[in-house]
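See below for the structure under consideration.
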Amino acid sequence: MPVKTQRPTAESLIVHCTVGGKAFDHAENQIAVVDPATARTITSVADVGKAGVSEAVKAASGAMDAWAALAPRDRASLLLKLADAVEEHATELSAIEALDVGKPLHLVPGEIASSVDKLRFFAGGARLLSGVAANEYRPPYTSFVRREPVGVVAALAPWNYPFAMAVWKIGPALAAGNTVVLKPSPETPLSTLRLAQLAAEIFPPGVINVITGGSDVGRALVGHPDVAMISLTGGTATGKAVMASAAKTVRPLHLELGGNAAMLIFDDADLDRLRDMYFMAAFRNSGQDCHAASRIYTTPALL
């Protein structure tokens, strides 16, 4: 059935960043957020600049020790509370995401539901951070692996699934005992800003910080000396630049970059079904997918 909800108004949208558990309104400039469906400006958000990056990383660093020392069951409990809050606000979040990304509303509730499931999955993972079984490889010493948080994680999320990718980044980082500074794409920040507000009501101040800005803010964040790890989902060129920045201090890095997916068709394929499935695979989410089918490989018999 179609989702029945009201289109968000500019006045109803959360447009402030969240740093240290509080609204953060510092702005060196403003960035227009445009509705892709109409090319009209929805609202504007802050470009926090280097000063804003410093405040966010400072807040995350300040919260790090206490969060890392928290028992896994307690970190899991807070992630479950965030999952419940997202589920409770699913209709609102779906409407914001559809407006911000310019996608049909009926496609979004499944993405929000999947995000709820991911948060609950990572909550479970918080209690299962295993190491290699202990042994006396050099008697009389016992060797074992102990998992420790790395520190402040800088997370940069893309514009095609902004809410889902934000959740995918903060979930595992928080479960493992890290704090996060997340920068959504300046093109689609609205659902992530609302997520940050929900999280601020649940997590200790500074554990989750969300800031907005353009490429200068991204560069300042990944290059900040107090950032211990970087996670980026985005284009290959951006990934190369982030990798070069991380290499200067040999920081751990997670990259998910642009894809170019092929569809494989074998001799026994159901070609009637293929006609429907190919267009879904190629144009789902308006073709804004890292795994969107971009070409076909098949056998000579089907040519």
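The structure presented is a predicted model; accordingly, all values stated were derived computationally and were not measured.
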Problem - Heavy atoms of other groups near R273 CZ, more than 12 under 6.0 Å - result: no
Handout entry: Heavy atoms from other residues, nucleotides or ligands near OH of Y278 exceed 12 (cutoff 6.0 Å)
Key = yes
Exercise for the section: Determine, using ring centers only, whether F203 and W67 are less than 6.0 Å apart. Expected result: yes
Handout entry: Close side-chain approach of R127 and R73, heavy atoms under 4.5 Å
Key = yes
Is it true that [Y] and [X] share a donor-acceptor pair across their side chains at a distance under 3.5 Å?
| X | Y | value |
| --- | --- | --- |
| D100 | T188 | no |
| K183 | T192 | no |
| S54 | K58 | no |

Output the distance between atom [atom1] ([X]) and atom [atom2] ([Y]), rounded to the nearest 0.5 Å.
| X | Y | atom1 | atom2 | value |
| --- | --- | --- | --- | --- |
| S12 | R194 | OG | CZ | 10.0 Å |
| L198 | L193 | CG | CG | 11.5 Å |
| I112 | L93 | CD1 | CG | 5.0 Å |
| T212 | I31 | OG1 | CD1 | 6.0 Å |
| T233 | E256 | OG1 | CD | 4.0 Å |
| T298 | L264 | OG1 | CG | 9.0 Å |

Completion exercise
For A176 and L129 the tightest heavy-atom approach is CA-CD1, 3.9 Å
With a 4.0 Å cut-off, would you call [X] and [Y] a salt bridge?
| X | Y | answer |
| --- | --- | --- |
| R120 | D84 | yes |
| E136 | R138 | no |
| R219 | D216 | yes |
| E111 | K103 | yes |

Problem - Steps toward side-chain contact (heavy atoms from CB on, under 4.5 Å) verdict (L82, L195) - result: CA-CA 9 Å; L82 181 59; L195 173 66; 4.1 Å; yes
